[in-house]
Amino acid sequence: MTTEQATAVTTGDYIQHHLNHLTLNLKTFKLGEAGFWTLNLDIFAVALVSALLIAVSLRYVAARMQVGVPGRLQNMVEMIIEFVNNAVVETFHGKSKLIAPLALTIFLWVFVMNVMDLVPLDVMPRFFEIFGLGHFKNVPTADPNTTFAISLSVFLLVIFYNFTVKGFKLGKEVLTKPFGPYLFPLNVAFRLLEEIIKPFSLSLRLFGNMFAGELIFILIAIMPWWVQWLPGSIWAVFHILIITIQAFVFMMLTIVYLSMAHESH
């Protein structure tokens, strides 16, 4: 085997290593075993810790709320809450006390999970190698299981509000809009297509962007060390914009879909 071949194999193994999850077989409860009932334990753990971090941080700020001279953390939280609330007021046209807290939760949770992509690539895997764990991926939103789980939860809320808010009017809306009652088969087909697309538009957009970003970081990591800093620094700065935009887009689409569930055509 030539030196070039050995390097290529090593590079391929490195890339493959960073694309594998720390898995738990829920049937045998053994780590690293594949199968249908398999949980990506690394992604689940990071998503759970991210959610707990957000909850604890918001609780900390709420418990130490100051009216006169707020601290930096309180100022930042208030700015985020005001930003999300303005987005809900401008976009959501129904009446629900759930939408604003839901939008805030989704924005913060998706953003924090996206930020994990900025952690240096080998830090988490090497740390967990100390405990004998060979693989560890730390970006939950680069896994379609995470993005589909969140989008399906939003989709269930969309269905719930369609039935509870519109009631029997929903049937008339599905059968008669947008082409009139005589073309009701076409109306039903279009409505089903419109609803089915919603969870896919939410999940695949977020997953595609974050997975592509993760791959670019992996490709930068296999460059010579004296070259990595320039493209790595440029991509990291650009990626900060991407992870923020993706969290914002996911939140806005959620608000729009739930607003549509409260409105008639």
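The residues of the chain are indexed from 1 along the displayed sequence.
- Atom OG of Ser151 sits about 9.5 Å away from atom CG of Leu156, to the nearest 0.5 Å.
- With rounding to the nearest 0.5 angstrom, the NE2 atom of His135 is 11.0 Å from the NE2 atom of His21.
- Residues Tyr182 and Asn187 have side chains that never bring a donor and an acceptor to within less than 3.5 angstrom of each other.
- Remark: side-chain polar atoms of Ser203 are paired, donor with acceptor, to backbone N or O of Pro199 under 3.5 angstrom.
- Scanning all heavy atoms of the two residues, the minimum distance from Ala142 to Glu214 falls at CB-OE1, 3.5 Å.
- From Ile222, atom CD1 reaches atom NE2 of His18 across 10.5 Å, with rounding to the nearest 0.5 Å.
- For the atom pair CG of Leu206 and CD1 of Ile245, the computed distance is 13.0 Å after rounding to the nearest 0.5 Å.
- Side-chain atoms of Thr141 never come within 3.5 Å of backbone atoms of Phe207 as a donor-acceptor pair (strictly under, hydrogens ignored).
- The backbone N or O of Ile81 sits nowhere less than 3.5 Å from a side-chain atom of Asn85 that would complete a donor-acceptor pair.
- Using a 4.5 Å cut-off on side-chain heavy atoms (C-beta onward), Leu118 and Ile243 make contact.
- Side-chain contact check for Thr176 versus Leu183: every heavy-atom pair is 4.5 Å or farther apart.
- Using a 4.5 Å cut-off on side-chain heavy atoms (C-beta onward), Asp143 and Lys137 make no contact.
- Remark: the backbone N or O of Ala55 is not paired with any side-chain donor or acceptor of Arg59 at under 3.5 angstrom.
- Following chains of ILVMFWY side-chain contacts shorter than 4.5 Å, one cannot reach Ile234 starting from Leu121, and the two form parts of different hydrophobic clusters.
- For Asn25 and Thr38, the side-chain atoms include no donor-acceptor pair closer than 3.5 Å.
- Under the ring pair (Phe, Tyr, Trp, His ring centres under 6.0 Å) criterion, the residue pairs touching residues 239-260 are Phe83-Phe248, Phe217-His239, Trp235-His239, with sequence neighbours excluded.
- For residues 143-163, the pairs satisfying ring pair (Phe, Tyr, Trp, His ring centres under 6.0 Å) are Phe148-Phe200, Tyr161-His262, with sequence neighbours left out.
- Looking at every heavy atom in both residues, Phe107 comes nearest to Thr244 through CE1-O, 4.3 Å.
- In this structure, Leu202 and Thr147 have side chains that are not in contact, with every pair of non-hydrogen atoms separated by 4.5 Å or more.
- Inter-residue side-chain proximity for Gln74 and Val77 is flagged as unmet; no heavy-atom pair is nearer than 4.5 Å.
- Contact check for Met113 versus Thr146: side-chain heavy atoms found under the 4.5 Å cut-off.
- Hydrophobic clustering, with ILVMFWY side chains joined whenever heavy atoms are under 4.5 angstrom apart, keeps Trp229 apart from Ile216.
- Across all their heavy atoms, Ala261 and Val165 have their closest contact at O-CB, 4.3 Å.
- Between Arg191 and Glu195, at least one side-chain N (NZ, or NE/NH1/NH2) sits under 4.0 Å from a carboxylate O, which counts as a salt bridge.
- For the residue pair Asp42 and Leu22, the shortest heavy atom distance occurs at OD2-N, 2.9 Å.
- Looking at Gln228, its side chain does come within 3.5 Å of a backbone N or O of Ala221 through a donor-acceptor pair.
- Under 3.5 Å, the side chains of Asn86 and Glu90 contain no donor-acceptor pair of N or O atoms.
- Side chain of Thr91 to main chain of Val88: no donor-acceptor pair is present (N/O by atom type, distance under 3.5 Å, no hydrogens or angles).
- Legend: residues meeting ring-ring contact (aromatic ring centres under 6.0 Å, His included) with Phe184, ordered by chain and number and at least two apart, are absent.
- A side-chain contact (heavy atoms from CB on, under 4.5 Å) with Asn40 is found for exactly one of Val46, Thr23, Leu24, namely Thr23.
- When all heavy atoms of Arg205 and Ser201 are compared, the pair lying nearest together is NH1-O, 2.8 Å.
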